[in-house]
Amino acid sequence: MDVLTLSRLQFAITSMFHFIFVPLTLGLSILTAFMETRYVMTGDTTYLKMTKFWGKLFLINFALGVVTGITMEFQFGMNWAEYSRYVGDIFGAPLAIEATVAFFLESVFIGLWIFGWNKVSQKVHAASIWLVALATNLSALWILLANGWMQHPVGYVLRNGRAEMVDFMAMITNPDGLLKFAHQLTSGYTVAAFFVMGVSAWHLLRKNETDFFIRSFRIAATFGLFSTVAVGIFGDMSAVEVAKVQPTKFAAMESVWESRHGVGMNLLLLPDPPNECNSVEGVCVPNAVSLLAFHDPNALIKGLKEFPPELRPPVLPTFISFRLMAGLGSYFILAALAATILSRWGKIENQKLLLKLLLYSLPLPYLANFLGWVVAEVGRQPWIVYGVLKTSAGVSKSVSLSQVIGSLVGFTLLYGFLGVIDIYLLAKFARKGPDNDLSTLIKPRGQEA
Amino acid sequence: MELQIIWFILWGVLWAVYFMLDGFVMGAGILHNLIGKSDGDKRVMINTIGPVWEGNEVWLVTAGGVTFAAFPTTYALMFSYLYSALFLLLCALIVRGVSYEFRSKEEHPLWRKGWDSAIMAGNFLPALLFGVAFGNIFEGLPMDGAGYHGSLLSLLNPYGLLTGCLFVALFTVHGALYLTVKTTGDLSKRARTTANNLWPGLLTVAVAFLVYTNFATRLYDNYLAHPLLMIVPLSAVASLLAIRIFSAKGNPLAAFTASSVTILTVVATAIVGLFPNLIPSSMDPASSLTLYNSSSSPYTLKLMLVVVAIFIPIIIGYKIWIYRIFRAPVREEDVLGDKQAY
């Protein structure tokens with residue numbers, strides 16, 4: 001193990017951990033804002049109870065997401081100093097803009113939302129959670145534009161021994177960044193939809209607070225149906241973009257070794273990287289890969305053999321993650337469709353099988369998010385900036401092996417400990433159900449002023 | 001004015017504002033168990049911090065992000081050279097943040113005691129580490145063309161530790177004054193007494209720092225060359241004295257304002273002294289990271305200047321609005337009667 005490998009491992013662990021919390025924040029902020037808005041518009045206190053119940057889970061989740069995000073920003077400098085020096089001129093900008101434009105808004109208004117129940121009017125209070133939701137989504141935009149630049153660098157020149165920005169507009173209209181943003185956003189919404197459906201299903205199976213959880217479930221199911229379909233559409237568009245600008249990643253995703261026209265998709269497939277072929281191939285859908293990649297059944301797909309072995313990404317993890325993610329994505333659409341139909345026009349509380357299925361499906365969108373990032377980041381290897389800078393050239397020169405071992409062990413232990421506590425608290429408050437005593441919330445305002 | 005100089009000033013301002021705002025959070029956290037006697041006291045203190053700490057911490061994220069965007073070479077070398085110190089800092093800030101969120105989620109006294117200790121450690125450690133890190137930057141880091149020649153232990157040199165003590169003392173007094181303003185009754189009195197008792201200690205550390213700085217660093221060179229700049233350290237000294245005067249007169253809000261100005265001017269004193277270096281080298285002046293040799297291209301600097309010129313005033317606007325909404329002191333009955341409170 002060397003500094004490079006351990007730094008990569010540390011970045012993977014800390015970003016994956018951060019990413020347990022981010023997708024739920026993206027979606028649950030919107031759902032909570034929607035519930036509070038319904039309360040303000042209708043005065044129906046069930047919506048207020050929903051806001052409090054789902055909002056509490058949102059906050060427990062949110063806290064760890066925020067604090068582990070700082071690690072991400074610092075690590076670029078700590079472990080990837082050569083990368084930061086080389087690309088900071090263009091890569092630093094979206095990160096600084098994210099902090100200025102989005103993160104401030106989010107952090108300031110979350111304070112108002114948590115502590116301001118009796119300090120501002122209902123409308124201002126509801127507006128503050130909308131601002132939080134807007135800001136978390138804006139944060140994602142800038143972070144994904146930064147990541148999109150690593151996937152498909154645009155708007156720069158190599159000058160003065162580094163990549164310098166020459167076209168900001170090119171960077172913020174980079175299709176790789178924008179598609180990643182859309183795909184990620186809707187994946188986050190999917191996580192939130194399945195989270196709310198899963199928790200509601202747990203209570204509905206026990207006949208707790210049936211009215212409250214049916215209504216929560218219905219909102220989440222509809223939101224989930226739109227989200228899962230959108231994830232699929234943006235995912236398809238992302239794959240088309242990858243095929244165009246990152247041929248090595250695309251070939252690994254589909255495990256295509258030989259360059260050919262009209263490549264079909266084998267439903268059964270097992271890559272055999274040492275022998276540069278697939279050991280199992282079967283049940284082929286003709287021309288499907290070409291059609292998906294270039295929307296042309298006879299399009300040429302470049303195989304991995306077209307590229308020298310040292311420029312190919314690890315095939316197995318990229319291929320398996322992509323397959324699993326796509327499979328899960330299809331399942332989510334069907335599950336959300338069934339949930340929407342049965343909660344709108346049937347008695348969802350009696351659909352024990354579907355409720356159980358949705359309860360156990362709660363972790364699956366998280367898994368799909370992880371797998372998607374494995375495809376994006378492992379599939380980009382050996383590049384840290386595709387075609388421009390190798391990952392091995394980006395690592396810090398001054399950091400010693402013992403330092404990285406220390407921080408890797410430290411982060412893993414700390415994150416593990418906090419993760420267990422966070423999940424314990426989420427489970428505790430999710431099981432507890434809504435709080436029916438709203439006396440502290442709807443007391444007359446203006447006393448404190 | 002040259003773009004790099006504007007960015008150097010902005011860089012300094014961001015750190016100064018960060019320390020002013022997070023300084024009272026750290027100070028209140030350091031005092032968490034010392035002046036918070038009962039569970040009610042502690043919850044009141046957390047509720048004075050709760051609405052604002054996240055927004056305050058974002059100034060650090062912005063300072064980091066701006067260093068990355070405007071001075072990428074400084075960002076890369078500063079963060080990789082100070083690797084282990086920053087690792088500890090991150091752990092402390094993470095623990096601090098979740099402590100506020102988690103503490104009141106369980107009734108068990110051991111749970112709460114555990115998070116109380118976490119609040120203290122998670123606020124004390126960053127104050128100390130920031131001081132040590134900046135003390136070392138003032139001295140210059142042992143770096144040359146071949147790289148970095150220091151370690152976590154070499155950071156803990158006498159001047160670094162003294163700067164660490166200065167930060168801890170400054171933030172603790174600042175936090176005590178914040179709590180004096182933001183709480184009522186006995187708790188507020190205890191906070192005020194604490195601020196008054198700590199102030200002579202702060203003065204001692206500050207004098208020692210000013211004297212030692214003359215021997216350990218070259219921060220005074222710019223002041224000798226341009227005596228008019230002396231107004232910056234002189235206002236730092238004046239506001240430090242004003243803390244005591246206002247606090248003794250029973251005007252905690254003025255004393256808190258004075259401690260805010262003290263932090264801003266202490267950081268400004270150091271930044272003016274560093275100019276044009278962001279990080280001087282203690283081994284080879286030619287290896288110092290300056291605002292010229294470590295900055296981004298003019299294009300990026302201009303672009304980012306437009307972004308901050310638009311958004312920083314907006315941020316300041318809504319932050320002031322939020323502080324006004326939460327300007328009333330937190331009383332124990334507000335917290336105990338409200339299940340939503342932390």
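The sequence lines fix the lettering, A, B, ..., with proteins before strands; numbering per chain opens at 1. Predicted model only: the values in this text are computed from it and were never measured.
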Verify the ring-centre separation between B:Tyr318 and A:Phe109: is it less than 6.0 angstrom?
yes
Counting only heavy atoms closer than 4.5 Å, note whether B:Ser295 contacts chain A via side chain, backbone, both or neither.
backbone
Give me the ring orientation class for B:Phe68 and A:Phe76: parallel if the planes are under 30° apart, tilted from 30 to 60°, perpendicular past 60°.
tilted
At a 4.5 Å cut-off on heavy atoms, which part of B:Ile325 comes close to chain A: side chain, backbone, both, or neither?
both
What part of A:Val124 gets closer than 4.5 Å to chain B, counting heavy atoms only: side chain, backbone, both or neither?
side chain
After noting the C-alpha distance and the side-chain angles of A:Tyr424 and B:Glu106, does the key distance pass the side chain to side chain donor-acceptor pair (under 3.5 Å) rule?
CA-CA 11 Å; A:Tyr424 160 74; B:Glu106 283 283 345; 2.3 Å; yes
Tell me, with the steps shown, if A:Phe62 and B:Glu54 meet side chain to side chain contact (heavy atoms under 4.5 Å, CB included).
CA-CA 11 Å; A:Phe62 183 79; B:Glu54 283 183 271; 3.4 Å; yes
Structural part of A:Ser396 lying under 4.5 Å from a heavy atom of chain B:
side chain
Pick one of side chain, backbone, both or neither for A:Asp422, based on which atoms fall under 4.5 Å of a heavy atom in chain B.
both
Tell me, for A:Tyr156 versus chain B, whether the close heavy atoms (under 4.5 Å) come from the side chain, the backbone, both or neither.
neither
Under 4.5 Å from any heavy atom of chain B, what part of A:Ile97 do you find: side chain, backbone, both or neither?
both
Can you tell me if B:Tyr75 uses its side chain to pair, donor with acceptor, with the backbone of A:Gly77 under 3.5 Å?
yes
Is there a donor-acceptor contact under 3.5 Å from the side chain of B:Tyr299 to the main chain of A:Phe168?
yes
Test side chain to side chain contact (heavy atoms under 4.5 Å, CB included) applied to A:Phe74 and B:Leu89, step by step
CA-CA 10 Å; A:Phe74 277 36; B:Leu89 177 75; 4.1 Å; yes
Could you tell me which portion of B:Val52 (side chain, backbone, both or neither) has an atom closer than 4.5 angstrom to a non-hydrogen atom of chain A?
neither
Assert top hit (heavy-atom pairs under 4.5 Å, partner chain A, pool B:Tyr83, B:Tyr148, B:Phe102) equals B:Tyr83
B:Trp59, part contacting chain A, at a heavy-atom distance under 4.5 Å:
both
Write down the atom of A:Ala63, the atom of B:Glu101, and the distance for their closest heavy-atom approach.
CB-CG, 3.5 Å
Which bit of A:Val87 comes within less than 4.5 Å of chain B, counting heavy atoms only: side chain, backbone, both or neither?
neither
Which one wins on heavy-atom pair count under 4.5 Å against chain A: B:Ile94, B:Thr74, B:Leu152, B:Leu60?
B:Ile94
Give me the contact list for residues 112-119 of chain B versus chain A, heavy atoms only, anything under 4.5 Å, ordered by residue number.
B:Trp115
Atom group of A:Leu59 that falls short of 4.5 Å from chain B, counting heavy atoms
both
Interchain contact, A:Leu112 with chain B, by part (heavy-atom threshold 4.5 Å)
both
Do B:Thr73 side-chain atoms and A:Arg85 backbone N/O form a donor-acceptor pair below 3.5 Å?
no
Measure distances from A:Val66 to the heavy atoms of chain B and classify the residue's part below 4.5 Å as side chain, backbone, both or neither.
side chain
Which atoms of B:Leu86 come close to chain A, meaning under 4.5 Å heavy atom to heavy atom: side chain ones, backbone ones, both, or neither?
both
